[in-house]
*Asks:* 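Input: one structure, supplied below.
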2 protein chains.
Amino acid sequence: MSKNCNFIEKLRETGLRPTKQRVKICEVLYKREKTFHFTINELVKKISEENNEKISLATVYNTVHAFKKKGYLKEITLNNDSTYFDTNTSHHHHFYDNSTKELIDLNDEDVEKIQIKKTLPGKKISSVEILVKVDNE
Amino acid sequence: MSKNCNFIEKLRETGLRPTKQRVKICEVLYKREKTFHFTINELVKKISEENNEKISLATVYNTVHAFKKKGYLKEITLNNDSTYFDTNTSHHHHFYDNSTKELIDLNDEDVEKIQIKKTLPGKKISSVEILVKVDNE
DNA sequence: CTTCTAATTTAGAATAATTATAAAAAAATA
DNA sequence: TATTTTTTTATAATTATTCTAAATTAGAAG
């Protein structure tokens, strides 16, 4: 979903009623320059900072999962305590900063094409994801 | 830890008291041909199948984390519900079968060398992990 | 503009995975 | 064998997430 989107229209188009909670969440997620990596907790915190009326935790969960199902968010592969989501839904990889616990995008074109030389009979590859963990030098 | 290890000696060497619970867990984990990928729940189930006396759930958690700290187990990067561990502690990658929810080893030499063309200032790469998700054909 | 229906929000309960606690048991040491 | 330290254990606590059912809201129809 793009930064200067008419969120109300966009939501309606995809069959999601544009409630004020959903529009507010859209603004927090998509009205920004860079892609946004977040956990549900971080999102809840951001919303309550920007909003005078609070949004229920259950609504945040519902909305994030609805957006994921519609393809507006991607869930990210990490073995951490909490689940991360990403507003960048194109195919890409990630750096994970062990010291700050932050995720950073690693674009497809910044990785030399990966060749998997092993095949599994009867199975086809659906995705190849790279996680590059980094530490301070 | 190798298949035909003297677990009692090996544990003692690394400063872990060889209790009967730990030795039993070693047997379940390492007395097998192939590397073993498991969740805590699966491990508890395997133990109770092979063992007449039950081992407390807390002990299984304690032991798995102690083994991980000693480098006998590796925790695996997956955004699933439960956390996976791996008895193969060498550097390697994984297939994840979406239909069976199983992990399969993908050795380092089965992947063409990965070149990351982007660098992060002040950060050094500590690991590069690939997760290849597969579905039925 | 009001009425109706279905979707959505909400607070709080339920669940599941994991960690903490503190007493009892076992292992190592003297 | 006595003593000290580590480990196990059952249970409680915690955390993230999902469920539930009642109240509210959005959109459609009149």
Side-chain angles (χ1 to χ4, degrees), chain A residues 6-29 37-48 51-70 72-73 75-85 101, chain B residues 6-29 37-48 51-70 72-73 75-85 101:
Chain A
N6 178 345
F7 297 125
I8 292 181
E9 259 321 297
K10 196 64 189 274
L11 286 168
R12 222 190 305 260
E13 275 171 28
T14 46
L16 291 174
R17 288 193 178 172
T19 63
K20 67 176 189 306
Q21 292 87 344
R22 284 175 178 166
V23 172
K24 183 68 217 172
I25 291 173
C26 280
E27 285 169 0
V28 173
L29 293 180
H37 300 109
F38 63 94
T39 63
I40 295 284
N41 268 334
E42 288 162 1
L43 179 56
V44 168
K45 203 184 296 174
K46 278 242 192 297
I47 291 167
S48 59
N51 225 28
N52 15 9
E53 293 162 64
K54 82 178 273 270
I55 296 180
S56 162
L57 180 61
T59 303
V60 179
Y61 273 97
N62 287 344
T63 304
V64 165
H65 284 114
F67 285 8
K68 183 189 161 192
K69 195 177 275 177
K70 293 293 179 185
Y72 298 151
L73 286 175
E75 202 171 338
I76 295 178
T77 291
L78 258 195
N79 73 337
N80 246 286
D81 323 298
S82 22
T83 308
Y84 282 80
F85 292 88
K101 309 233 173 295
Chain B
N6 178 346
F7 297 124
I8 292 180
E9 260 321 297
K10 195 65 187 276
L11 286 169
R12 222 189 304 261
E13 274 170 29
T14 46
L16 292 173
R17 287 190 180 176
T19 63
K20 68 176 188 307
Q21 292 87 344
R22 285 174 176 166
V23 172
K24 182 67 217 174
I25 291 173
C26 279
E27 285 168 0
V28 173
L29 293 180
H37 300 110
F38 62 93
T39 63
I40 296 284
N41 268 335
E42 288 162 2
L43 179 57
V44 168
K45 204 184 296 173
K46 279 243 192 295
I47 292 167
S48 60
N51 224 30
N52 15 8
E53 293 161 64
K54 83 177 272 270
I55 296 181
S56 162
L57 179 61
T59 303
V60 179
Y61 273 97
N62 288 342
T63 305
V64 165
H65 284 115
F67 284 9
K68 183 191 160 190
K69 194 178 276 177
K70 293 293 178 186
Y72 298 152
L73 286 175
E75 201 170 339
I76 295 178
T77 290
L78 257 194
N79 74 337
N80 246 285
D81 323 297
S82 24
T83 307
Y84 283 79
F85 292 88
K101 310 233 172 293

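These values consider heavy atoms only, across backbone and side chains, with no hydrogens, waters or symmetry-generated copies. Chain naming here is simple, since letters A, B, ... match the order of the sequence lines and numbering starts at 1 in each.
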*Asks:* So, is K54(A) near the phosphate of dT9(C), with a side-chain N or O under 4.0 Å from OP1 or OP2?
*Replies:*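 No, because none of the side-chain N or O atoms of K54(A) sits under 4.0 Å from OP1 or OP2 of dT9(C).
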
*Asks:* How close or far is atom P of dA7(C) from atom NZ of K70(A), stated in whole angstroms?
*Replies:*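 Taking NZ of K70(A) and P of dA7(C), I get 12 Å after rounding.
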
*Asks:* Between F38(A) and K45(A), is a side chain to side chain contact (heavy atoms under 4.5 Å, CB included) present by the stated rule, with each step listed?
*Replies:* CA-CA 11 Å; F38(A) 63 94; K45(A) 203 184 296 174; over 6 Å; no

*Asks:* What integer distance in Å separates L57(B):CG from dT7(D):P?
*Replies:*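 My rounded result for the distance is 18 Å.
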
*Asks:* Distance check needed: dT9(C) P versus K24(A) NZ, whole Å only.
*Replies:*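 Roughly 15 Å, once rounded to whole Å.
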
*Asks:* Can you see if the side chain of T83(B) gets near the phosphate of dT18(C) - specifically, an N or O under 4.0 Å from OP1 or OP2?
*Replies:*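 For dT18(C), OP1 or OP2 has a side-chain N or O of T83(B) closer than 4.0 Å.
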
*Asks:* Please name the pair of heavy atoms, one in Y84(B) and one in K101(B), separated by the smallest distance, quoted to 0.1 Å.
*Replies:*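 Distance-wise, the nearest heavy atoms are OH-O, 2.9 Å.
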
*Asks:* Which atom pairs, one a donor and one an acceptor, fall under 3.5 Å between side chains of residues 12-21 of chain A and the rest of the protein, sequence neighbours left out?
*Replies:*
from   : atom 1 : to     : atom 2 : distance (Å)
T14(A) : OG1    : K10(A) : O      : 3.1
T14(A) : OG1    : L11(A) : O      : 3.1
T14(A) : OG1    : Y72(A) : OH     : 3.0
T19(A) : OG1    : R22(A) : N      : 3.2

*Asks:* Distance check: side-chain N/O of S56(A) vs OP1/OP2 of dA11(C), anything under 4.0 Å?
*Replies:*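 Checking S56(A) against dA11(C): at least one side-chain N or O falls below 4.0 Å of OP1 or OP2.
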
*Asks:* How long is the line joining CD1 of I8(B) and P of dT7(D), in whole Å?
*Replies:*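 To the nearest whole Å, that distance equals 15 Å.
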
*Asks:* Please give, in whole Å, the distance from dT11(D) P to Y61(B) OH?
*Replies:*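 In whole Å, dT11(D) P lies 17 Å from Y61(B) OH.
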
*Asks:* Residues in salt bridge (charged side-chain N to carboxylate O under 4.0 Å, His left out) with E42(B), at least two apart?
*Replies:*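 E42(B) satisfies salt bridge (charged side-chain N to carboxylate O under 4.0 Å, His left out) with no residue once adjacent residues are dropped.
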
*Asks:* Show which side-chain atoms of residues 56-67 of chain A pair as donor or acceptor with protein atoms under 3.5 Å away, not counting sequence neighbours.
*Replies:*
from   : atom 1 : to     : atom 2 : distance (Å)
S56(A) : OG     : A58(A) : N      : 3.2
N62(A) : ND2    : A58(A) : O      : 3.4
T63(A) : OG1    : T59(A) : O      : 2.7
H65(A) : ND1    : Y61(A) : O      : 3.1

*Asks:* Under 4.0 Å from OP1 or OP2 of dT25(D): is there any side-chain N or O of Q21(A) that close?
*Replies:*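 So the side-chain polar atoms of Q21(A) never come under 4.0 Å of the phosphate oxygens OP1 or OP2 of dT25(D).
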
*Asks:* Rounded to whole Å, how long is the line connecting atom OH of Y84(A) with atom C1' of dT17(D)?
*Replies:*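 Nearest whole value for this atom pair: 17 Å.
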
*Asks:* With sequence neighbours left out, write down each residue that passes side chain to side chain contact (heavy atoms under 4.5 Å, CB included) with K46(A), or none if nothing qualifies.
*Replies:*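 Per chain and number, K46(A) pairs via side chain to side chain contact (heavy atoms under 4.5 Å, CB included) with V28(A), R32(A), F36(A).
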
*Asks:* Nearest whole Å is fine: how far is dT8(D) P from H65(B) NE2?
*Replies:*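 Atom NE2 in H65(B) sits about 15 Å away from atom P in dT8(D).
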
*Asks:* With the threshold set at under 4.0 Å for non-hydrogen atoms, list the residues of residues 41-48 of chain A touching DNA chain C in residue-number order.
*Replies:*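 Heavy-atom cutoff 4.0 Å gives no residues at all.
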
*Asks:* Once rounded to the nearest 0.5 Å, what's the spacing between atom NZ of K24(A) and atom CD1 of I55(A)?
*Replies:*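 So the NZ of K24(A) and the CD1 of I55(A) are separated by 8.0 Å.
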
*Asks:* Might you work through the side chain to side chain contact (heavy atoms under 4.5 Å, CB included) test for T83(A) and I40(A), ending with a clear yes or no?
*Replies:* CA-CA 8 Å; T83(A) 308; I40(A) 295 284; over 6 Å; no

*Asks:* What's the NZ-C1' distance between K69(B) and dT19(C), to the nearest Å?
*Replies:*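 It is 13 Å, rounded to the nearest whole Å.
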
*Asks:* I'd like to compare against my own output: the B/S/- annotation of nucleotides 21-30 of chain C with a strict under-4.0 Å heavy-atom distance to protein.
*Replies:* ------BS--

